[in-house]
Structure formats: structure tokens, C-alpha cells
Amino acid sequence: LSSLKKFDEIKKANQAAAKKLVEDQLSSSSEDDDEDAEVKQGKILDKTFTIYTSQTDGDASELERTRQYMNEAFQSGAMTCLICIASVKRNQAVWSCCGCFCIFHLVCIQKWAKDSLFLVSSPLTDDDFGKKDYPWPCPKCRFEYKRSETPSRYYCYCGKVENPAVDPWLVPHSCGQICEREFKPSCGHKCLLLCHPGPCPPCPKMVTTSCHCKKAKPVPRRCSAKEWSCRLPCGRTLLCGQHACENPCHAGDCQPCPRVSKQRCVCGRQTAERLCASPQWQCDQVCGKCLPCGNHTCEQVCHAGPCGDCPRSGKRSCPCGKTKFTLPCTEDVPTCGDSCDKVLECGIHKCSQRCHRGPCEICRQEVEKQCRCGKHTKRMPCHKPYLCETKCTKIRDCQKHQCRRKCCSGNCPPCDQVCGRTLGCRNHKCPSGCHRGSCNPCPETVDVKCSCGKTVIKVPCGRERTIKPPKCKQLCSRPPTCHHSTQEKHYCHFGRCPPCRQPCQKTLTCGHLCPVSCHDEALVKQTGLHQSAGPWEQPSEPAFIQTALPCPPCQVPIPVECLGQHEVSPLPCHAANPYSCKRFCGRLLDCQNHTCMKECHHVTKLNSSADGKK
């Protein structure tokens with residue numbers, strides 16, 4: 001039983017490890033730098049754009065913005081949630097803004113919307129709460145969403161499939177179906193790409209359309225560029241009614257007539273050269289025509305139509321308005337002698353003077369006045385405001401600082417101090433006014449470059465410390481560190497260049513060239529430099545130093561004859577010296593009866609005429 005129990009535990013542990021390995025391989029933060037991943041990414045992008053470029057003969061250049069979003073979806077670490085400043089993986093639920101198409105974790109955007117709604121509604125009273133549907137903004141573009149639009153489920157980019165399955169052959173978070181979202185601005189057609197991040201490209205459909213002025217024949221054009229001009233003169237009659245539009249075929253209303261003509265003013269007394277587009281104008285002369293009363297003249301400035309009746313005719317009121325008089329227009333209305341009783345500027349008391357012409361005086365009555373904050377009272381003239389010196393101690397809406405305004409009415413203004421808290425990027429501080437809740441994400445972007453600086457990717461500020469540098473396809477341009485004039489071709493990289501594997505080709509003392517790989521920067525293990533203090537000390541790993549090693553002995557085979565001239569054998573160049581072949585000498589001795597029984601040895605050369613066997 002104990003063995004079976006242990007077996008089940010090991011089995012579960014292995015299954016969990018295998019599942020985690022699969023998830024790590026499917027995540028977008030895994031390393032995709034090998035060539036197979038790049039080929040696979042290219043195939044997915046080509047498959048996504050096939051319908052756009054084949055069925056409608058679309059222009060691939062119009063897909064660049066959408067292609068950029070899809071490249072970021074594939075690139076390791078390029079898709080970053082601006083709320084938590086972490087990578088967005090394939091197997092995580094996400095939400096995409098319809099304004100800026102930025103992608104966030106679903107959990108992060110839900111918390112963001114909840115906090116934003118709380119901050120907006122917290123200053124409200126209990127009576128106002130819930131009466132208005134306050135919006136919450138996108139963290140990046142500040143596009144406003146209603147409370148009811150807060151995301152609660154994970155959908156693909158086109159919104160057709162809930163919880164799309166993770167497929168390594170599809171764009172991350174895509175359902176793989178045709179997008180079919182309506183183009184913006186709406187033209188009646190739908191997007192033909194496969195479910196994709198970012199904005200839909202311009203409509204590629206072909207439609208037959210006329211120019212703006214309708215003079216040219218209809219021609220087939222792309223739906224996204226169906227508005228076109230034939231460049232012929234417009235010819236439409238302008239608002240002046242005298243001239244025609246001479247501008248080339250254009251959209252919308254024609255511009256005002258640019259010509260100049262002589263035009264009379266409204267009263268007809270003066271004539272001036274003015275733009276044909278503005279025929280109505282007034283001179284600065286007073287009308288001066290005699291009114292029907294025969295006693296006064298019209299005081300209006302240049303006007304059209306009749307002057308009207310005399311403004312002093314008919315019944316007129318006294319200055320206080322209580323009594324009306326019927327008098328000739330040549331006589332002024334007298335005061336009635338009653339009290340004025342008009343409400344003064346204070347809005348409480350009335351004017352106590354007799355009926356008079358002109359404005360009423362200021363209110364001078366002594367009243368008991370309360371200050372704006374309501375803590376003090378004082379007897380003073382009604383027209384003077386009363387503000388005490390007490391400073392408000394209420395906490396402002398930031399919940400950090402006091403109001404400190406003199407004689408505050410209780411409706412404290414928003415905090416005017418700068419927040420100054422360090423943002424999540426750890427590089428910048430919040431420039432907004434002092435506020436509650438979390439600060440907005442850092443809007444800055446940082447360029448992450450390769451070693452040579454020719455390949456650049458833009459990442460949100462704060463991610464440059466954890467993002468992997470882009471893979472550069474440029475060749476390394478560093479000078480060689482060995483004796484060779486050029487180094488082996490390899491791609492741009494960080495750190496030291498790989499060891500040189502070219503043949504050494506140095507000239508040896510024997511005159512031959514060294515054939516082994518370059519050994520100017522060989523790693524040599526150093527041992528015995530550190531003596532342990534005792535048996536309790538752990539042995540340290542051996543240290544390696546980079547040093548130039550001498551060329552090895554020359555191994556070029558050289559034919560060498562043995563001492564007794566019995567044979568010729570190929571020997572390495574560094575050991576090409578006369579040698580003994582270990583045979584018996586075999587040469588005829590002076591006795592002419594026996595041969596030499598010594599081991600192969602050096603013999604003096606005989607004359608060519610002598611016997612070679614002696």
C-alpha cells in the first residue's frame with residue numbers, strides 16, 4: 001500500500017510538471033529566437049493576410065499598422081500590461097481597448113475600472129449616488145466607457161468566441177475566424193482578415209464612384225479611397241449669385257467668392273469695394289432721419305427698413321416705475337415723489353430714497369453678519385463681506401492634505417499640490433495633481449536596442465530592465481581580438497565575441513604554417529592557486545583565464561632515411577632527424593667473408609666507384 005501511494009504521488013508530480021512545461025512553451029514570454037519560430041511566425045502572418053490580398057487584390061502596404069500589432073503579439077515580452085507592467089502571455093485572459101487597441105490583463109482592467117468609478121463617486125452624497133452613470137477611462141488613451149461596459153469575460157479580438165483556446169498556429173488570443181468587424185468610418189463592408197489585434201486596415205473592396213462635381217465618368221476605385229477629384233473646374237454658382245466656382249473639383253461646399261465688387265451699405269449712403277462674398281455691410285454714420293413725431297431724429301447707426309416710432313411717445317413711467325405719464329415727446333418724465341423701493345444690490349433691503357434718476361446707493365444698514373465658514377458673527381454694514389481669519393482644517397479630496405483656506409465655506413477646492421509619487425516604471429514621478437488611488441501608468445516609451453543599435457523595439461517605460469533585447473540580423477562589426485585581419489562572420493550580440501575558429505596560419509620555425517584553430521585566446525584552467533583553510537571549506541570551482549598558447553609542434557610529414565640507409569619513413573617535421581630502423585646493418589666487412597651484425601648505425605658515405613655493400 002505504501003508503494004502504491006508513493007507511485008501515485010510521483011505520477012501526479014510528473015503530470016503537474018509536464019502541464020507546466022506545456023504552458024511555459026505556449027506563453028509569449030518564452031524564448032522564440034530560433035529560426036523555426038521565425039518561420040512559423042511568418043507563416044501565421046501570411047495566413048492571416050491571405051484573404052485580404054488574394055480575394056480582393058488588397059494592397060499589402062495598407063496592412064503595416066495591423067502587422068505591427070501582430071508582430072508585437074508574437075514578440076517575446078513586447079505585449080505589456082500598462083497597469084501591472086508585466087508581460088501578457090498567451091494563456092492569460094486579456095481585454096483590448098477599442099480606442100487605442102492597447103491590451104491589458106482582464107483582472108487588471110477590472111480592478112482599474114472599479115477603482116476609477118470609486119474615485120469619481122466618492123465625493124457624492126448619498127442622495128446623488130447611483131443617479132448618474134459615471135464613466136471610467138482607458139489607462140492609455142483615456143477613452144471613456146460606461147459602467148455597464150466594464151469587461152467581465154474574456155473574448156477574442158473580434159468578440160465572437162469566449163475564452164478562445166490556446167493554439168500555437170494562431171495569433172495569441174485570436175479565434176482564427178474571419179474578423180467581420182465593420183470598418184471605421186462605416187462603408188457597409190466588413191473586415192476580411194482573420195481575427196487580429198489592432199485596427200482593421202482600410203476597406204479593400206472595389207466600388208464604382210463619380211468625382212465630387214459629377215462631371216467625369218464613374219470609375220472603379222477602392223472603397224477606402226472612393227472620394228476623388230477629376231481636377232476640372234467646379235463650375236457651381238457661388239452664394240453671391242453672380243460668379244461660378246473656379247476651384248478644381250472638390251468635396252463639400254464651395255469657398256466664398258474671392259472677387260471684389262462695388263457694394264452699397266445697408267442705408268445706401270456709402271459705396272465701397274468689398275468682397276463679393278460679403279455684400280451686407282454697415283457704415284458708421286448715424287441714420288439721422290426725422291421720426292414721425294417731427295421733433296427728434298433716428299439715432300440708430302446705418303440700418304435697413306423704416307426707423308420706427310419715437311421712443312419718447314406714448315405712456316412713460318417715472319424712474320421708480322410706480323407712476324405713468326402721458327406727455328409730449330418734448331417733455332421729460334418728472335419724479336413721482338414716492339419712495340424708490342427698488343431692491344438694492346444686497347438683495348435684502350430696499351432703497352429708502354425718494355423716486356430718483358440714476359442708480360441707487362449701496363446698502364448702508366447695520367446688520368449682524370455671519371462669516372462664510374459660520375464660526376463667527378459681527379455687526380457691520382450690509383454691503384461689506386465678512387471673512388474671518390480661521391483656516392479650514394478639513395482634508396481635501398486627496399485624503400492627504402488640509403484645505404488651509406481662510407474662512408472656507410466647507411466646499412473645499414481640489415488639492416492643488418503635485419502628486420509626485422514614483423510610478424510603476426520606477427523612472428518617473430506622477431505629474432498629476434494630488435489624488436487618491438493608484439497613479440496612471442507611465443505614458444513614456446523606451447527604446448531597447450541591440451548591441452550595434454541598428455535594431456530597436458519600443459517598450460513601456462520600466463520594462464527595459466526585464467525585456468530581452470531584440471534579435472539583430474546585422475553582422476558583428478567589432479574588430480578581431482586575435483592576430484587575424486578579419487573575424488568569422490556572426491550576428492550582432494552582447495558580450496565577448498565567440499572564440500576564433502579560423503586556422504592559425506602563423507609561420508613556424510621550420511617554415512610551415514600552423515594548421516590548428518586560432519589559439520590566441522584559449523581558456524586555461526588554473527588550479528592550486530587557493531589553499532583551503534581546512535577540511536570544512538568547500539572546494540572552489542577552478543578558475544579559467546584567457547591567454548595565448550604557443551603553436552603546437554609541426555606535424556607535417558617529412559620523408560627521412562634511416563642511419564643505415566635501409567628505408568625512408570615519413571616523420572613529423574618537429575622530429576625529422578636521422579634514426580635507427582633497428583635492423584642488422586648487413587654490410588660486408590673488410591674480411592670479405594662476413595656481414596656487420598650491429599644494429600642499424602651511421603656509416604660514412606663511400607665513393608661512388610667503391611662497392612656500395614662494404
Side-chain angles (χ1 to χ4, degrees), residues 125 127-128 263-272 274 278-392 403 405-414:
T125 60
D127 296 336
D128 296 334
Q263 299 174 12
R264 288 185 176 274
C265 65
V266 175
C267 66
R269 293 182 181 181
Q270 294 186 5
T271 303
R274 295 178 56 84
S278 55
Q280 298 290 331
W281 66 286
Q282 288 180 310
C283 63
D284 55 356
Q285 293 186 8
V286 178
C287 177
K289 293 179 181 179
C290 186
L291 296 176
C293 65
N295 300 320
H296 302 97
T297 58
C298 179
E299 297 179 356
Q300 300 181 56
V301 179
C302 180
H303 66 89
C307 297
D309 296 331
C310 179
R312 296 169 63 90
S313 62
K315 288 187 177 182
R316 290 179 286 168
S317 300
C318 64
C320 70
K322 294 180 179 179
T323 307
K324 291 186 178 182
F325 298 90
T326 303
L327 296 172
C329 63
T330 55
E331 296 183 13
D332 293 332
V333 177
T335 57
C336 64
D338 199 355
S339 59
C340 179
D341 284 341
K342 289 182 181 178
V343 178
L344 299 176
E345 291 183 359
C346 66
I348 302 173
H349 305 106
K350 294 182 179 181
C351 179
S352 58
Q353 294 181 339
R354 292 189 178 278
C355 180
H356 61 88
R357 293 183 176 88
C360 300
E361 294 183 351
I362 57 176
C363 183
R364 300 182 182 278
Q365 292 194 32
E366 291 267 337
V367 293
E368 191 81 16
K369 273 203 163 188
Q370 191 175 37
C371 66
R372 188 167 57 184
C373 66
K375 295 182 179 179
H376 304 277
T377 56
K378 186 178 181 181
R379 192 164 187 81
M380 58 190 305
C382 183
H383 70 278
K384 290 185 178 180
Y386 177 37
L387 299 177
C388 68
E389 297 294 322
T390 305
K391 292 184 178 180
C392 180
C403 176
R405 191 173 61 156
K406 288 184 178 180
C407 196
C408 180
S409 62
N411 187 17
C412 302

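Values in this document were obtained by computation on a predicted structure and should not be read as measured data.
Every residue two or more places apart in sequence or in another chain that forms a side-chain hydrogen bond (donor to acceptor under 3.5 Å, both in side chains) with Q263 is listed here: S261. With sequence neighbours left out, T297 forms a side-chain contact (heavy atoms from CB on, under 4.5 Å) with no residue at all. With sequence neighbours excluded, no residue satisfies side-chain hydrogen bond (donor to acceptor under 3.5 Å, both in side chains) with K384. Qualifying side-chain hydrogen bond (donor to acceptor under 3.5 Å, both in side chains) partners for D332, counting only residues two or more places apart in sequence or in other chains: R312. Evaluation of the salt bridge (charged side-chain N to carboxylate O under 4.0 Å, His left out) rule for E366 yields no partner, not counting sequence neighbours. For R357, the salt bridge (charged side-chain N to carboxylate O under 4.0 Å, His left out) test picks out no residue, with sequence neighbours left out. Scored by the side-chain contact (heavy atoms from CB on, under 4.5 Å) test, Q280 finds V266 as partners (sequence neighbours excluded). The side-chain hydrogen bond (donor to acceptor under 3.5 Å, both in side chains) search around Q285 returns R269, not counting sequence neighbours.
A donor-acceptor distance shorter than 3.5 angstrom exists from the side chain of H383 to the backbone of C363, with no hydrogens or angles considered. In terms of modelled atom types and a separation under 3.5 Å, the side chain of K369 and the main chain of C382 share a donor-acceptor contact.
Residues C320 and C336 meet the side-chain proximity criterion, which asks for heavy atoms closer than 4.5 Å. Taking the side chain as every heavy atom from C-beta outward, P413 and C403 approach each other to under 4.5 Å.
Pairs passing the salt bridge (Lys or Arg N to Asp or Glu O under 4.0 Å) check and including a residue from residues 313-325, sequence neighbours excluded, read K322-D338, K322-D341.
Rounded to the nearest 0.5 Å, atoms SG (C265) and CH2 (W281) are 5.0 Å apart. To the nearest 0.5 angstrom, Q270 atom CD is 4.5 Å from C283 atom SG. The OG1 atom of T390 sits 12.0 Å away from the CZ atom of R372 when rounded to the nearest 0.5 Å. For the atom pair NE2 of H376 and SG of C407, the computed distance is 8.0 Å after rounding to the nearest 0.5 Å. Distance check: C408 SG to K375 NZ gives 9.5 Å after rounding to the nearest 0.5 Å.
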Compile the donor-acceptor pairs under 3.5 Å between side chains in residues 287-296 and protein atoms, sequence neighbours left out, one pair per line.
none

Quiz: residues 345-356 side-chain donor-acceptor pairs under 3.5 angstrom, not counting sequence neighbours:
| unit_1 | atom_1 | unit_2 | atom_2 | d |
| --- | --- | --- | --- | --- |
| Q353 | NE2 | E361 | OE2 | 3.4 |
| R354 | NH1 | G337 | O | 2.6 |

In residues 299-311, what donor-acceptor pairs under 3.5 Å come from side-chain atoms, sequence neighbours left out?
none

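Across every non-hydrogen atom of V333 and F325, the tightest pair is CG1-CD1, 3.6 Å.
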